[in-house]
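Contents: one structure, followed by commentary.
Keep in mind that what you see is a predicted model, and the values were worked out from it rather than measured.
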Amino acid sequence: MSKLKMIKNSDLEFYQNLHQNKINLIIHMVGSVTFILGNVGFFSSLIVQNYTAAISSVFLIILSIIIQGVGHTLEPVPFKGFKGPIDFVKIIYLELFIIFPVFLFSPYFKENWKK
């Protein structure tokens, strides 16, 4: 079963509840792309051994996480937080690589955008 089919409507509804504010939606659109590009840049920089670019990519990843955290302060429903460092990494990568892109092209995003 593909990852996209494993995302249930209830998962998207939960995600929708945490992403209602239009400014936060914009922040997440930019932040998710920045996070993905930062990761791609980091690993490709390591392959070609360009360590300056790798450090710049890590900066983009960190900046992306910070601005999205700030975006969540605008939400009426607060995020409950992470259970620890492993949970943080798991949730950040799962949400920014898979769940947010699926959410972005779903009716749930469109519904929040129209509010």
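Listed by chain and number, the residues in a ring-ring contact (aromatic ring centres under 6.0 Å, His included) with Phe79 are Phe82 (sequence neighbours excluded). Residues that satisfy the ring-ring contact (aromatic ring centres under 6.0 Å, His included) test with Tyr15, not counting sequence neighbours, are His19, Phe103.
Considering every non-hydrogen atom in both Gly41 and Ser44, the closest pair reads O-OG, 3.2 Å. The shortest non-hydrogen separation linking Ser57 to Gly38 is CB-O, 3.2 Å. Between Asn24 and Leu74, the shortest heavy-atom distance links the atoms N-CD1, 4.4 Å.
Residues Ile91 and Ile98 share a single hydrophobic cluster, defined by chaining ILVMFWY side chains whose heavy atoms lie under 4.5 Å apart. No continuous path of ILVMFWY side-chain contacts below 4.5 Å connects Val58 to Leu37, so the two sit in separate hydrophobic clusters. Ile23 and Trp113 are not part of a single hydrophobic cluster, where members link through side-chain heavy atoms under 4.5 Å apart. Leu46 and Phe59 sit in two unconnected hydrophobic clusters of ILVMFWY residues. Membership requires side-chain heavy atoms under 4.5 Å apart, directly or through other members. When the side chains of ILVMFWY residues are joined at heavy-atom separations under 4.5 Å, either directly or via intervening members, Ile92 and Leu18 end up in a single hydrophobic cluster.
A donor-acceptor pair is defined here as one N or O able to donate and one able to accept, closer than 3.5 Å; no such pair exists between the side chain of Ser32 and the backbone of Met29. A distance-only check finds a donor-acceptor pair linking the side chain of Asp11 to the backbone of Lys8 [under 3.5 Å]. A donor-acceptor contact shorter than 3.5 Å links the side chain of Gln68 to the backbone of Ser64. Within the 3.5 Å criterion, the main-chain N or O of Gln16 finds a donor-acceptor partner in the side chain of Asn112. Of the possible polar contacts, none joining the Gln20 side chain to the Glu75 backbone as a donor-acceptor pair under 3.5 Å is found.
More than 12 heavy atoms of other residues, nucleotides or ligands lie within 6.0 Å of OH in Tyr93, so this atom counts as buried by the packing criterion. Residue Lys90 qualifies as open at atom NZ: its count of foreign heavy atoms under 6.0 Å is 12 or below. Crowding of Lys115 atom NZ: a count of heavy atoms from other residues, nucleotides or ligands under 6.0 Å exceeding 12.
Interatomic distance, CD1 of Ile62 versus CD1 of Ile67, reported as 13.0 Å (0.5 Å rounding). From Asn21, atom CG reaches atom CD1 of Ile27 across 7.5 Å, with rounding to the nearest 0.5 Å. Ile61 CD1 to Leu96 CG: the interatomic distance, rounded to the nearest 0.5 Å, is 10.5 Å. One finds the CZ atom of Phe14 at 9.5 Å from the CD1 atom of Ile99 (value rounded to the nearest 0.5 Å).
Considering only heavy atoms from C-beta on, Phe97 comes within 4.5 Å of Asn39 through its side chain. Two residues are said to be in side-chain contact when any heavy atoms from C-beta on lie closer than 4.5 Å; Tyr108 and Glu13 meet this criterion. Residues Phe35 and Leu60 have side chains not in contact (no heavy-atom distance under 4.5 Å, counting atoms from C-beta outward).
Relative orientation of the Phe100 and His28 rings is tilted, given thresholds of 30° and 60° on the angle between their planes.
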